[in-house]
Amino acid sequence: MPHAQSKIRVRFAPSPTGTLHIGGARTALFNFLFARHHQGEFILRIEDTDTLRNSETALKQQLDDLKWLGLEWDEGIINAQGESIGPYGPYRQSERRPLYEQYLHQLIEQGLAYYCFMSEADVESEKAACKIARQPYRPSSPDRDQPLAKALERLKQGNTAVIRFKAPETPKTYTIEDLVRGTVTFSTQEAGDFIIARTDGMPMYNFACVIDDALMEISHVFRGEEHLTNTLRQLMLFDALNLKPPVYGHASIILGASGKKLSKRDGAAACDAYREQGYLPQAVINYMALLGWNDGTEQEHYTLPELIQAFSTSGLNAAAPVFDLKKLTWLNHQHLIHLSPEDLWRKLAPWMPQTSQPPVLTTLEAWQDAFCRTVQPHLNTLLDARRIYEALCSPTLTFDEAALDVLSWPTTAGVLHAWIEGLSSTQTLTPSSFQTLLKDIQSTQGIKGKALFMPLRVAMIGMAHGTELKQLIELLPRDRLLDRARTCQQRCVS
Ligand code: GLU
């Protein structure tokens with residue numbers, strides 16, 4: 001189905017019932033990339049018709065997650081207080097009820113929808129009977145052909161009714177050219193008379209979604225394949241209302257390592273968990289883009305502008321992607337190593353413990369710069385820099401397990417002794433005087449390699465592995481090195 005609108009308008013339409021799942025974030029991303037690639041508009045609509053499950057905290061969290069990811073929208077609500085921007089508002093479905101009512105009445109008056117007074121118990125027993133007969137549930141409401149006047153009379157008497165859409169009696173098929181899955185054909189036989197408004201008049205998701213997509217002039221909808229069954233119902237509604245449906249693209253569900261839908265069991269399925277674990281938003285974006293899309297090249301590392309440039313619907317594919325934490329972590333490393341020291345420090349700073357301050361050698365900025373250059377090649381997440389920062393900044397030296405082992409080596413005491421001697425007779429330690437010192441210890445102690453470097457590293461940061469020694473001396477003043485070496489020596493002797 002070609003789209004009539006010339007302007008590309010896409011929307012992300014979360015329900016504020018929980019945190020932003022990686023699948024939801026990917027949906028937002030595909031819509032965003034498509035809009036930006038075509039200089040179209042990206043709209044944020046809040047689908048909050050399920051009043052029992054809505055949560056303001058969840059809404060706020062989802063907005064924060066989208067902003068953190070950098071998926072800025074052009075229209076929609078701008079904060080959890082409900083302020084919005086754009087000419088098609090309101091953008092919260094709970095505030096659009098009068099619009100929906102108008103279209104609900106239109107369908108009822110045309111005989112395309114009806115008030116259904118069936119009790120929940122009746123519906124449940126019908127469902128149970130269908131289950132036993134292994135048939136899909138199709139409600140058979142006694143009110144389907146009830147004259148409207150009679151239904152209105154019953155409502156006036158205080159009876160409650162949902163509104164059901166009348167599925168056509170003669171089956172009809174709808175065919176779409178899905179941007180991910182190709183030609184998809186639906187039969188109305190798969191849908192019975194479905195509910196479009198609850199007893200309190202609040203529209204159901206399928207109905208509100210159709211009205212909004214039409215009124216907001218949405219040209220394309222990218223969403224998860226779990227919505228395919230809704231798509232059939234939405235097409236039926238568009239048809240009945242004589243409205244034009246958007247072009248759809250249903251991305252395949254993201255699987256976890258277990259082969260089932262990505263869930264908490266596979267690690268973290270929520271976007272905020274990655275933020276909390278020290279992942280960069282650009283890495284999460286980059287990784288999510290690869291979950292169902294590629295540009296036909298071997299490229300894996302993309303910045304957001306590169307993704308916008310490269311994104312095309314021909315690169316979308318229907319094979320179910322498997323979430324691979326190792327790959328996300330690798331991409332995070334790639335993005336981390338491409339940051340400038342200033343940008344890296346800006347990202348790292350909030351993660352570093354505030355309790356202790358860096359030991360100042362020259363200026364604080366110079367220290368931060370040297371720190372970033374030291375840790376950068378080793379970082380998989382921002383959190384990885386914490387331990388070393390603590391080790392450098394803490395006034396006291398603490399030892400990790402591997403360090404304690406190094407302290408028990410028979411040659412360690414001699415290395416520490418020579419290190420203290422050397423430091424004591426050096427006023428300022430430069431990379432070249434440090435090299436000379438190392439050579440001296442090596443020749444006087446007759447020790448090299450691991451047996452030399454590890455005790456020195458332990459004497460600097462309390463850790464046996466990790467950072468290069470020559471970088472550590474840029475981060476610790478001579479007095480502190482001396483202090484630490486003495487602490488280490490005592491520990492070694494005791
Ligand atoms: N509110 C729906 C959801 O959160 C959106 C469905 C759609 O994009 O049409 O899954």
Side-chain angles (χ1 to χ4, degrees), residues 13 15 47-54 93-94 96-174 186-215 226-243 245:
S15 300
E47 302 207 319
D48 58 348
T49 54
D50 191 349
T51 39
L52 290 178
R53 294 179 60 223
N54 288 335
Q93 290 187 328
S94 57
R96 296 173 61 83
R97 283 183 66 163
L99 289 165
Y100 305 133
E101 271 156 27
Q102 195 183 315
Y103 288 94
L104 283 169
H105 287 139
Q106 179 184 324
L107 288 180
I108 289 174
E109 266 149 35
Q110 291 175 338
L112 298 172
Y114 62 93
Y115 289 105
C116 171
F117 294 85
M118 279 171 90
S119 68
E120 289 225 357
D122 290 343
V123 173
E124 284 314 312
S125 71
E126 261 198 8
K127 275 190 188 160
C130 285
K131 203 169 174 191
I132 292 166
R134 290 172 187 244
Q135 276 169 0
Y137 170 60
R138 288 177 70 90
S140 57
S141 171
D143 307 320
R144 194 174 207 263
D145 297 313
Q146 172 173 247
L148 179 55
K150 175 128 189 264
L152 293 175
E153 186 56 39
R154 286 171 79 181
L155 286 173
K156 218 188 242 164
Q157 286 162 4
N159 296 302
T160 54
V162 296
I163 302 174
R164 282 187 191 273
F165 179 73
K166 260 188 205 172
E169 269 154 57
T170 325
K172 188 171 173 182
T173 56
Y174 291 95
F186 304 94
S187 164
T188 56
Q189 274 179 305
E190 293 158 40
D193 290 358
F194 56 93
I195 300 175
I196 53 176
R198 298 185 175 84
T199 50
D200 63 0
M202 185 66 108
M204 298 292 285
Y205 153 69
N206 276 319
F207 188 78
C209 181
V210 163
I211 303 303
D212 290 347
D213 283 345
L215 295 186
E226 67 276 16
H227 285 293
L228 274 170
T229 53
N230 292 322
T231 304
L232 165 62
R233 287 160 181 78
Q234 292 177 17
L235 291 170
M236 290 163 79
L237 288 168
F238 275 112
D239 196 6
L241 291 160
N242 208 13
L243 295 169

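This is a predicted model, so every value here is computed, not measured.
The side-chain heavy atoms of R53 and S15, taken from C-beta on, include no pair separated by under 4.5 Å. The shortest distance between side-chain heavy atoms of L107 and I196 falls below 4.5 Å. L215 places a side-chain heavy atom less than 4.5 Å from the side chain of R96.
The environment of E120 atom CD is sparse: at most 12 non-hydrogen atoms of other residues, nucleotides or ligands sit within 6.0 angstrom. Annotation: D200, atom CG; neighbour count of heavy atoms from other residues, nucleotides and ligands within 6.0 Å is above 12. Shown here is Q157, whose CD atom has more than 12 heavy atoms of other residues, nucleotides or ligands within 6.0 Å.
For the pair R154 and Y115, the cation does not sit on the ring face, since its NZ or CZ is not both under 6.0 Å from the ring centre and inside 45° of the axis.
Between E126 and S140 the shortest heavy-atom distance is OE2-OG, 2.9 Å. Across all non-hydrogen atoms, the minimal contact from E190 to L232 is CB-CD2, 3.8 Å. Here the closest heavy-atom approach between residue T49 and residue Q93 is recorded as CG2-OE1, 3.6 Å. Residues A151 and Q146 approach most closely at CB-NE2, 3.6 Å, considering heavy atoms. Across every non-hydrogen atom of L112 and A240, the tightest pair is CD1-O, 3.8 Å. The two residues D143 and M118 have their closest heavy-atom pair at OD2-N, 3.7 Å.
Side chain to side chain, T51 and N54 fail the donor-acceptor criterion of an N or O pair below 3.5 Å.
Here the side chain of R138 pairs no donor or acceptor atom with the backbone of C130 at under 3.5 angstrom. Of the possible donor and acceptor atoms, one in the side chain of K166 sits under 3.5 Å from a partner among the backbone N and O of G111.
Between Y100 and F207, the ring planes are perpendicular. Angles over 60° get that label, and only those under 30° would be called parallel.
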| request: Let me see the working for R144 and E169 under side chain to side chain contact (heavy atoms under 4.5 Å, CB included), right down to the final yes or no. | output: CA-CA 12 Å; R144 194 174 207 263; E169 269 154 57; 2.5 Å; yes
| query | Do D213 and L243 pass the side chain to side chain contact (heavy atoms under 4.5 Å, CB included) test, and can you show the C-alpha distance, the side-chain angles, and the key distance before you say yes or no? | reply | CA-CA 10 Å; D213 283 345; L243 295 169; over 6 Å; no
| message | Checking M236 against F194 for the side chain to side chain contact (heavy atoms under 4.5 Å, CB included) test, could you report, in this order, the C-alpha distance in whole Å, the side-chain angles of both residues, the deciding distance, and whether it holds? | response | CA-CA 11 Å; M236 290 163 79; F194 56 93; 4.1 Å; yes
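Taken from CG in L104 to CD in E109, the straight-line distance is 11.0 Å, to the nearest 0.5 Å. Considering CD1 of I163 and OG1 of T199, their distance stands at 10.0 Å, rounded to 0.5 Å. Taken to the nearest 0.5 Å, the CG atom of D193 stands 7.5 Å off from the OG atom of S141. In this structure, the separation between CZ on R198 and CG on D50 is 5.0 Å, given to the nearest 0.5 Å. Taking CD1 of I195 as the start and SG of C116 as the end, the distance is 7.0 Å to the nearest 0.5 Å. Taking CG from L148 and CD from Q110, the interatomic distance works out to 12.0 Å, rounded to the nearest 0.5 Å.
The ring of Y174 has its center no closer than 6.0 angstrom to the ring center of F186.
The side chain to side chain donor-acceptor pair (under 3.5 Å) test with Q234 is passed by exactly one of T229, N206, D239: N206.
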